[in-house]
Amino acid sequence: MIADDVTRTAELARETLAAATHLDWQKPAGDLEWSCWETVEHMSDDLFVYAAQLGPANPSTSAHVPFGWQRRRSGGPPLTIFVDPGEGPSGLVQVFETCGAMLAAMVDAAPPDRLSFHAYGPSNPSGFAAMGVVEVLVHMHDVAVGLDLTWSPPADLCTGALRRLFPSAPSDGEPWPTLLWATGRANLPGLPAQSSWTWDGAPRA
């Protein structure tokens, strides 16, 4: 996947979130233990961290860039990026938009063969772009459930993410339900539920 995929995904999410700033973002996000607010912070944090991993000229393939992080409550997401609660959902959406722009810029700027660490295995810019797309698509699903929003992302973004990170996923069905299945959020007929899952960010030929 490429920088434009990150940009388009982040913009679709931003539009959806910006129309919901009047709602209660402290509600749980779908089946997660996190609130909708925490989940959008997590999305922002992922985008930022993926951008950061692509930043060094000679990145490590065995360790993260060592930004500090913390949990603000027991059971909350471990994050580097937090938003001042006093800024409200509009401020959180702005931070999310900014982190999306950072990842898109780094995917576009980094050499395509640059390898950097991820817990699921080292990956390159196209892999980190796909990771950002997946994190936004599926966590927006969680937030949409929590806030009762409509979220149905374009098929081509889902297909691109599946091909890049879930090459063994079924390719004969609708891509959005398949992506939800691959990330443990939905069932597909005739297939076992994904109670635990990872993606494969290894560079593709």
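Heavy-atom basis, side chains included; hydrogens, waters and symmetry copies ignored.
- E11 and R8 are not joined by a salt bridge, as no carboxylate oxygen comes within less than 4.0 angstrom of a charged side-chain nitrogen.
- Considering CG of L147 and OG of S35, their distance stands at 9.5 Å, rounded to 0.5 Å.
- Exactly one of L157, V133, L137 qualifies for a side chain to side chain contact (heavy atoms under 4.5 Å, CB included) with L179. That residue is L137.
- Put simply, OG1 on T178 and CG on L188 are 5.0 Å apart, with the number rounded to the nearest 0.5 Å.
- Once rounded to the nearest 0.5 Å, the distance linking CZ of F67 with CZ of F48 reads 4.0 Å.
- F117 and M102 fall into different hydrophobic clusters, where Ile, Leu, Val, Met, Phe, Trp and Tyr are joined by side-chain heavy atoms under 4.5 Å apart, directly or via other members.
- Here the straight-line distance linking atom CG of L23 with atom CG of L149 works out to 6.5 Å at 0.5 Å rounding.
- Looking only at distances, a side-chain donor or acceptor of R204 sits under 3.5 Å from a matching main-chain atom of A202.
- With F82 as the aromatic partner, R72 meets the cation-pi criteria of under 6.0 angstrom to the ring centre and within 45 degrees of the ring axis.
- Between F128 and Y50, the angle of the ring planes lies from 30° to 60°, which puts this pair in the tilted group.
- Using modelled atom types, no side-chain atom of D46 and backbone atom of M43 make a donor-acceptor pair closer than 3.5 Å.
- Taking OH of Y120 as the start and CG of D200 as the end, the distance is 12.0 Å to the nearest 0.5 Å.
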field: Candidate pair L165 and M131, rule side-chain contact (heavy atoms from CB on, under 4.5 Å), full reasoning
entry: CA-CA 8 Å; L165 296 181; M131 293 177 208; 4.0 Å; yes
- request: Could you walk me through whether L47 and F96 pass side-chain contact (heavy atoms from CB on, under 4.5 Å), step by step?
  value: CA-CA 8 Å; L47 295 168; F96 167 77; 3.6 Å; yes
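- Connection of V145 to V143 is not established within any shared hydrophobic cluster, with ILVMFWY side chains joined at heavy-atom distances below 4.5 Å, either directly or through further cluster members.
- Clustering ILVMFWY residues whenever any of their side-chain heavy atoms sit less than 4.5 angstrom apart, transitively, puts L180 in the very cluster that holds M140.
- Considering every non-hydrogen atom in both P170 and L191, the closest pair reads CG-CD1, 3.4 Å.
- Side-chain N/O atoms of D142 and H139 include a donor and acceptor closer than 3.5 Å.
- The two atoms that bring T159 and P175 nearest to each other are OG1-CB, 3.4 Å, heavy atoms only.
- The side-chain heavy atoms of L115 and P203, taken from C-beta on, include a pair separated by under 4.5 Å.
- Remark: Q94 CD is loosely packed, at most 12 non-hydrogen atoms of other residues, nucleotides or ligands lying under 6.0 Å away.
- One hydrophobic cluster, built from ILVMFWY side chains closer than 4.5 Å, cannot hold both V49 and L79; they sit in different ones.
- Of the possible donor and acceptor atoms, one in the side chain of T16 sits under 3.5 Å from a partner among the backbone N and O of L12.
- Counting non-hydrogen atoms of neighbouring residues, nucleotides and ligands closer than 6.0 angstrom, the CG atom of D31 reaches no more than 12 such neighbours.
- Heavy atoms of other residues, nucleotides or ligands lying less than 6.0 angstrom from CZ of R163 number 12 at most.
- Distance alone, capped at 3.5 Å, is enough to place a donor-acceptor pair between the R71 side chain and the G76 backbone.
- Inter-residue side-chain proximity for V6 and M1 is flagged as unmet; no heavy-atom pair is nearer than 4.5 Å.
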Working for side-chain contact (heavy atoms from CB on, under 4.5 Å), residues Q26 and E38: CA-CA 8 Å; Q26 295 308 312; E38 290 173 325; 6.0 Å; no
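- A donor-acceptor distance shorter than 3.5 angstrom exists from the side chain of R114 to the backbone of L54, with no hydrogens or angles considered.
- A heavy-atom distance below 4.5 Å is found between the side chains of F166 and T183.
- Remark: side-chain polar atoms of W181 are not paired, donor with acceptor, to backbone N or O of A169 under 3.5 angstrom.
- The shortest heavy-atom contact between V93 and L17 is CG2-CB, 3.8 Å.
- A donor-acceptor pair under 3.5 Å links the side-chain atoms of W25 to the main chain of A20, judged by distance alone.
- The closest donor-acceptor contact from the side chain of D45 to the backbone of I81 lies under 3.5 Å.
- Of all heavy-atom pairs spanning P59 and Q53, the tightest one is CB-O, 3.8 Å.
- For the pair P153/C158, a side-chain contact is recorded, criterion being any heavy-atom separation below 4.5 Å from C-beta on.
- Distance alone, capped at 3.5 Å, is enough to place a donor-acceptor pair between the W34 side chain and the G75 backbone.
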- request: Could you check E87 against L92 for side-chain contact (heavy atoms from CB on, under 4.5 Å), going step by step and ending with a plain yes or no?
  value: CA-CA 7 Å; E87 296 296 328; L92 178 55; over 6 Å; no
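- In terms of modelled atom types and a separation under 3.5 Å, the side chain of T80 and the main chain of G68 share a donor-acceptor contact.
- Using cut-offs of 30° and 60° for the angle between ring planes, the H141 and W176 rings count as perpendicular.
- Other residues, nucleotides and ligands place no more than 12 heavy atoms under 6.0 Å from the CG atom of N58.
- Aromatic pair H118/W199: centroids less than 6.0 angstrom apart.
- The shortest non-hydrogen separation linking P112 to P125 is O-CD, 3.4 Å.
- One finds the CD atom of E135 at 11.0 Å from the CG atom of L103 (value rounded to the nearest 0.5 Å).
- Closest approach of R164 and S126 over heavy atoms only: NE-OG, 3.1 Å.
- Around the CD atom of E174, the shell of radius 6.0 Å holds no more than 12 heavy atoms that belong to other residues, nucleotides or ligands.
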